[in-house]
Asker: 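Have a look at the structure that comes next, please.
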Amino acid sequence: MDKLVIEGNVPLRGRLRVSGSKNAALPILLACILAEGPVRLRNVPKLKDIATTLQLLRMLGCGAEQNGEIVVTCVGQNLIPEAPYDLVRTMRASVLCLGPLLARLGKAVVALPGGCAIGSRPVDLHLRGLERMGATFELEAGNIIGRCKRLKGAHIHFDFPTVGGTENLLMAASLAEGETILENAAREPEVTNLADFLNACGAKIQGQGTSIIRVQGVDRLNGAEFGVMPDRIEAGTYLVAAVITDGELYLENCSMADLDAVVYKLREMGVWLQEGKSGVLVKRGTNLVGVDVMTQPFPGFPTDMQAQIMALMGLADGSGTIKETIFENRFMHVQELVRMGARIKVSGQNAVVRGVDQYIGAPVMASDLRASASLVLAGLAAKGSTEVLRIYHLDRGYEELEAKLSQVGARIRRVAQ
Ligand code: EPU
């Protein structure tokens, strides 16, 4: 298993290009199951999770190739509606093939994803919504077996604005008979990007980006060409990298609009940010101060940036608090940051962070994607050498992390163990 070795305390300076969004690309790739013609996708990041999704599409009988752009072809008669456990357990987002398979084939056998490092993560809201559209489900040997005739439009009110649930239902509703109304829908930009992609294929979706989305079902979807949005979480992570090392970065292919809540909190901490023509310039500004952060569904502060802002707050003047409301177990990075000298105390959903002057390099263990990112950030700022173990998590979500960071001056290398 590879590890990252970082010699820290070097300011990062220069330009970085933000890659395409993992969390937008994954549902868009699975939405290709709905399209009767070939789909060409630009700006898809080269990541482990994308390779896994392409493998899943091939297992479902689709053609899927990544060669600069990605081309996916899902011809109806060749489709096999089965997503096996071996694949689903390596990537929970596989469950997003449920809606498209039911809508296109009337059948889906998808392994029920288990818990994961950040929480139990059930899919009950996905299933309840699809049931309202006429699907029935049984659980057999760990697989969800879904069946339906043509799905029927329905009025669905989510108990919680679930990102994956909204995406699964959007895809299913696109080919359903009649109108579907999704209330308390997720407003994340990745959901909007998926809806825009479906519309490019001929779907009739309105209201994406708001909490009420209306979908008029159509009989068929065509192929399309589409560019995936930039990865706002990768961008947010590099904004923090510039500040935590007291450097200055210009991030290309990045829009502040998708990062509003993060930009707001960074400015409150004393960070200087300016939007340019096609990106964002960031540097520390005055002294950093601790602030209070609470994770929330979009447009609130994203849970996927919680670990990174915690690493930054650990070096601010005074103290701040972080409340995690989306996942029940997303503080696994805390004890690792403490190994590097951070002063953080956790009680239930809340963490109190008291700033220290400096992190000290140490061997640390990554537990999930964003926790790993926070340890890399702490390592970039730390005095001495930091080893981040179990970096396969990072390979799932950050395209060419070491190459990008090295390009702006970081002393970081991957070592095979
Ligand atoms: N939830 C339920 N029932 C459901 C669905 C969700 O109880 O049927 C709960 C979850 O257990 C969780 C909360 O609702 O506590 C939020 O889950 P949501 O469905 O919104 O998240 P997701 O679709 O599973 C996506 C991203 C996550 C990101 C969250 C929140 C993808 C592939 N994953 O997950 O990204 O944290 O939305 O924004 O889009 C990451 O990239 O590191 C990552 C974990």
Side-chain angles (χ1 to χ4, degrees), residues 1-22 43-51 66 68 230-254 266 271 273 276 278-284 304-305 307-309 311-312 315 333 336-337 340 358-366 368-417:
M1 227 182 282
D2 294 355
K3 65 181 177 185
L4 285 178
V5 180
I6 306 168
E7 305 299 329
N9 209 9
V10 182
L12 303 188
R13 292 185 199 286
R15 295 169 86 91
L16 272 187
R17 186 170 174 78
V18 175
S19 298
S21 160
K22 164 181 86 80
N43 207 31
V44 179
K46 266 207 151 137
L47 295 170
K48 182 80 181 59
D49 274 7
I50 298 295
Q66 184 163 25
D231 195 313
R232 66 190 170 107
I233 304 300
E234 187 200 20
T237 304
Y238 290 138
L239 291 180
V240 174
V243 180
I244 205 168
T245 61
D246 203 1
E248 182 174 328
L249 289 179
Y250 184 79
L251 301 187
E252 293 165 12
N253 193 32
C254 154
L266 288 176
V271 172
L273 291 126
S278 61
V280 177
L281 182 64
V282 60
K283 58 185 175 180
R284 180 174 291 201
D304 289 345
M305 279 299 298
Q308 298 91 315
I309 201 152
L312 183 61
L315 293 176
H333 43 284
E336 303 300 309
L337 290 173
M340 299 179 71
Q358 178 96 62
Y359 291 141
I360 311 293
V364 284
M365 188 95 88
D368 75 83
L369 173 57
R370 310 305 172 184
S372 313
S374 76
L375 300 177
V376 170
L377 291 170
L380 290 170
K383 203 163 136 196
S385 177
T386 296
E387 291 186 0
V388 182
L389 311 178
R390 291 202 189 158
I391 55 163
Y392 53 86
H393 295 293
L394 284 166
D395 294 335
R396 297 183 57 179
Y398 288 89
E399 186 177 47
E400 295 182 348
L401 178 85
E402 317 92 91
K404 285 189 179 182
L405 288 172
S406 303
Q407 178 195 321
V408 290
R411 288 181 296 182
I412 180 169
R413 65 200 154 88
R414 182 181 288 251
V415 178
Q417 282 189 301

Asker: Does S372 reach the side chain of Y392, with side-chain heavy atoms less than 4.5 Å apart?
Answerer: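 No; the side chains remain at least 4.5 Å from each other.
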
Asker: Are any non-hydrogen side-chain atoms of L312 and L266 less than 4.5 angstrom apart?
Answerer: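 Yes. Closest side-chain heavy atoms under 4.5 Å.
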
Asker: What's the verdict on side-chain contact (heavy atoms from CB on, under 4.5 Å) for T386 and L375, showing C-alpha distance, side-chain angles and the deciding distance?
Answerer: CA-CA 9 Å; T386 296; L375 300 177; over 6 Å; no

Asker: Working to the nearest 0.5 angstrom, can you tell me the gap between L405 CG and L16 CG?
Answerer: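 Here the interatomic distance stands at 7.0 Å.
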
Asker: Considering non-hydrogen atoms only, spot the tightest contact between Q358 and A381 and give its length.
Answerer: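 Closest approach of Q358 to A381: NE2-O, 3.2 Å.
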
Asker: Which pair of non-hydrogen atoms, one from H333 and one from S374, has the smallest distance, and what is that distance?
Answerer: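 Distance-wise, the nearest heavy atoms are CB-OG, 3.6 Å.
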
Asker: I'd like to check I233 versus K22 (side-chain heavy atoms, cut-off strictly below 4.5 Å). Are they in contact?
Answerer: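 SC-SC contact between I233 and K22 ruled out.
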
Asker: Could you give the distance from NZ (K283) to CG (L249), rounded to the nearest 0.5 Å?
Answerer: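 So the NZ of K283 and the CG of L249 are separated by 12.0 Å.
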
Asker: With rounding to the nearest 0.5 angstrom, report the OG to CG distance, S385 to N9.
Answerer: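 If we round to the nearest 0.5 Å, S385:OG and N9:CG are 12.5 Å apart.
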
Asker: Measure the spacing between CZ of R13 and CD of E248 and express it to the nearest 0.5 Å.
Answerer: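 These two atoms lie 6.5 Å from each other.
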
Asker: For V240 and Q308, which heavy atoms make the closest approach, and how far apart are they?
Answerer: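 Scanning both residues, the minimum pair turns out to be CG1-O, 3.8 Å.
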
Asker: How long is the span from the CG atom in D246 to the CG atom in L380, to the nearest 0.5 Å?
Answerer: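 The distance works out to 13.0 Å.
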
Asker: Mark yes or no for whether Y359, through its side chain, and L377, through its backbone, hold a donor-acceptor pair below 3.5 Å.
Answerer: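 Such a contact is absent between Y359 side chain and L377 backbone.
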
Asker: Which atom pair, heavy atoms only, marks the closest approach of E336 to M365?
Answerer: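 In terms of heavy atoms, the two residues are closest at OE1-N, 2.8 Å.
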
Asker: S21 and P230: which non-hydrogen atoms are nearest, and at how many Å?
Answerer: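 Answer, listing the atom of S21 first, then P230: CB-O, 3.6 Å.
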
Asker: Can any side-chain N or O of Y238 pair as donor or acceptor with the backbone N or O of V18 at less than 3.5 Å?
Answerer: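 Such a contact is absent between Y238 side chain and V18 backbone.
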
Asker: Do L239 and V271 have side chains that get closer than 4.5 Å, going by heavy atoms?
Answerer: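 Not in contact.
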
Asker: Which residues pass the side-chain contact (heavy atoms from CB on, under 4.5 Å) test with E387, sequence neighbours left out?
Answerer: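 E387 satisfies side-chain contact (heavy atoms from CB on, under 4.5 Å) with K3, V5, P363, L389 once adjacent residues are dropped.
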
Asker: State, to 0.1 Å, how close L12 and A241 come at their nearest heavy-atom pair, and which atoms those are.
Answerer: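 Closest approach of L12 to A241, heavy atoms only: CD1-CB, 3.9 Å.
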
Asker: Could you give the distance from CG (L369) to NE2 (H393), rounded to the nearest 0.5 Å?
Answerer: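 It comes to 8.5 Å.
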
Asker: Please enumerate all residues that pass side-chain contact (heavy atoms from CB on, under 4.5 Å) together with R414, with sequence neighbours excluded.
Answerer: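 Result, side-chain contact (heavy atoms from CB on, under 4.5 Å) vs R414: D2, L4, I391, D395, E402.
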
Asker: Quick one: does I412's side chain get under 4.5 Å of S406's, heavy atoms only?
Answerer: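 With C-beta onward as the side chain, the pair touches.
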
Asker: According to side-chain contact (heavy atoms from CB on, under 4.5 Å), who are the partners of S19, at least two apart in sequence or on a separate chain?
Answerer: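 Result, side-chain contact (heavy atoms from CB on, under 4.5 Å) vs S19: P45, E234, E399, K404.
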
Asker: Do Y398 and R370 have side chains that get closer than 4.5 Å, going by heavy atoms?
Answerer: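 Sidechains of R370 and Y398: in contact.
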
